[in-house]
Number of protein chains: 2
Amino acid sequence: MNSTRAAIIEAADRLFYQRGYRDTSFADIAAAVGLSRGNFYHHFKSKDAILDGVIALRRQKTGELLAQWSAESADPAGRIRSFIHILAVNRDPILEHGCPVGSLCVELAKADHEALADAAAIFTMFRDWLRAQFEALGRADDADELAMHLLARSQGAATLASAFHDRSFLDREIESLETWLAHCLGDRPEPQTQGAHPCSSSC
Amino acid sequence: MNSTRAAIIEAADRLFYQRGYRDTSFADIAAAVGLSRGNFYHHFKSKDAILDGVIALRRQKTGELLAQWSAESADPAGRIRSFIHILAVNRDPILEHGCPVGSLCVELAKADHEALADAAAIFTMFRDWLRAQFEALGRADDADELAMHLLARSQGAATLASAFHDRSFLDREIESLETWLAHCLGDRPEPQTQGAHPCSSSC
DNA sequence: GTCTATACCATGATAGAC
DNA sequence: GTCTATCATGGTATAGAC
């Protein structure tokens, strides 16, 4: 059945995120799906094949998410805020397991795994979508730089938040990113003194 | 011999960084040191014990690095620039394997490993040292926020650079961080138009 | 302190019955 | 399509000779 295949991929998707690719065994996935180990090879010829399926699923879900954000806001700035807010929406899993895309890429990079390019393509989807939003905001010249900047800051926030299990740091970073965005869009506050204008939240 | 113990830890340090903790086996370390597997347990009672040794070594090296930066620059701003520049100094390994501290913390967080706190303490060393520099620059109110901001951005830069194997992105982020620092210190340029004042590099 | 030999287990993967 | 049984490999860890 196709639904068995889908169930395997979904379970693997969750486990790869929670435990990492290498630390997730067939036995783990089998237990999660309620299937015997031997039966796996009817659906996937290897563990790497499951990884390919998981990445394909994540790319599909990412595409749907971006389409949803595009549909929810006509305003590019609102769309970008939707991106920033995934850090808040996924706060708890991020504190425990980091960013699903970033942590997988880090693991695959170390393993010199050929699926790294596929996994990094999820970053590219966000990058391209964000760049399009900045372009729509009249920042054609540095739209890609701004997109990468946002990606990098969200990655750093996720890494440190999970390393320290620090929820309030994550919340501050979200706020800081929103202020940065407002700043970028020309909605900058009146010049203020140093004390009232911390670089960390508005620069 | 104590030098054997040190050789094991140094080899493990390198391999844990290049391949990750889980993906490094005793056989790998043994081959790197030129020792038989069985002999390991004379020096370490388990793989986790080697990890503890590696983290202790990294904490020691980090302390020495911070002391060196403090000695090289009397100016706190120069010291902070030393921190930013590790991204340039370690450019090649970062492109291949990410940040040693960040990638280890990500792996240990997923494994729910009890050594995570120890590994994250290396972040704390950088954080405290950076905070002290910002305090010396008269930013006592938000010194810790600024320190965490710098840490987060360097983490994000390392993660994306390794995911994309993108050297020029890493170089741009280094430049952007330097501009951000100058901006923070009040050395901000004259107000400019949007096109000539990209948020990504100066905000 | 170093070695060989080995126990023991988890893993990825296969074969074949139902 | 699912199962049980099995294999081969590689991993951590131990025992004991030198």
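Note that the structure is predicted; figures quoted are calculated from it, not measured. Letters A, B, ... mirror the listed sequences (proteins, then strands); counts begin at 1.
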Residue pair B/G38/A/R22 against DNA chain D: nearer the 5' end by closest nucleotide is A/R22

OP1 or OP2 of C/dC3 sitting under 4.0 Å from any side-chain N/O of B/N39? yes

Could you state the NZ-C1' distance from B/K47 to D/dG10, rounded to the nearest angstrom? 12 Å

Stacked cation flag A/R22 on B/Y21, 6.0 angstrom / 45 deg: no

Output the rounded distance in Å from CG (B/L51) to C1' (D/dG11). 17 Å

Using whole Å, what does the distance between atom P of nucleotide C/dT14 and atom NZ of A/K45 come to? 10 Å

Rounded distance [0.5 Å steps], CG in B/D171 versus CG in B/L87: 10.0 Å

If each of A/D48 and B/G34 is mapped to the nucleotide of DNA chain C with the nearest heavy atom, which maps nearer the 5' terminus, i.e. the 5' end? B/G34

Which nucleotide sits closest to the side chain of B/Y41: D/dG11, D/dA13, D/dT2? D/dA13

How many whole angstroms separate atom NE2 of A/H42 from atom P of C/dA13? 17 Å

OP1 or OP2 of C/dA10 sitting under 4.0 Å from any side-chain N/O of A/S25? no

Can you tell me the distance, in whole Å, between the CG atom of A/L35 and the C1' atom of D/dG1? 9 Å

Select base, sugar-phosphate, or nothing to describe what A/S36 touches, counting heavy atoms under 4.0 Å on all strands. base

Nearest-0.5 Å distance, CD of residue A/E72 to CZ of residue A/R79: 10.5 Å

Gap between atoms CZ and C1', on B/R5 and C/dG1 respectively (whole Å): 15 Å

Does B/H43 put a side-chain nitrogen or oxygen below 4.0 Å from OP1 or OP2 of C/dT2? yes

B/F44 CZ to D/dT12 P: how many Å, rounded? 14 Å

So, B/F26 versus B/F44, ring centres under 6.0 angstrom or not? no

Can you tell me the distance, in whole Å, between the OH atom of B/Y21 and the C1' atom of D/dG11? 12 Å

Taking ring pair (Phe, Tyr, Trp, His ring centres under 6.0 Å) as the cut-off, I'd like each qualifying pair that reaches into residues 53-84 of chain B, sequence neighbours left out, listed once. B/W69-B/W129, B/F83-B/F126

Taking any heavy-atom pair under 4.0 Å as a contact, classify A/F26: base, sugar-phosphate, or nothing. sugar-phosphate

At under 4.0 Å, does any side-chain N or O of A/S46 touch on OP1 or OP2 of C/dG12? no

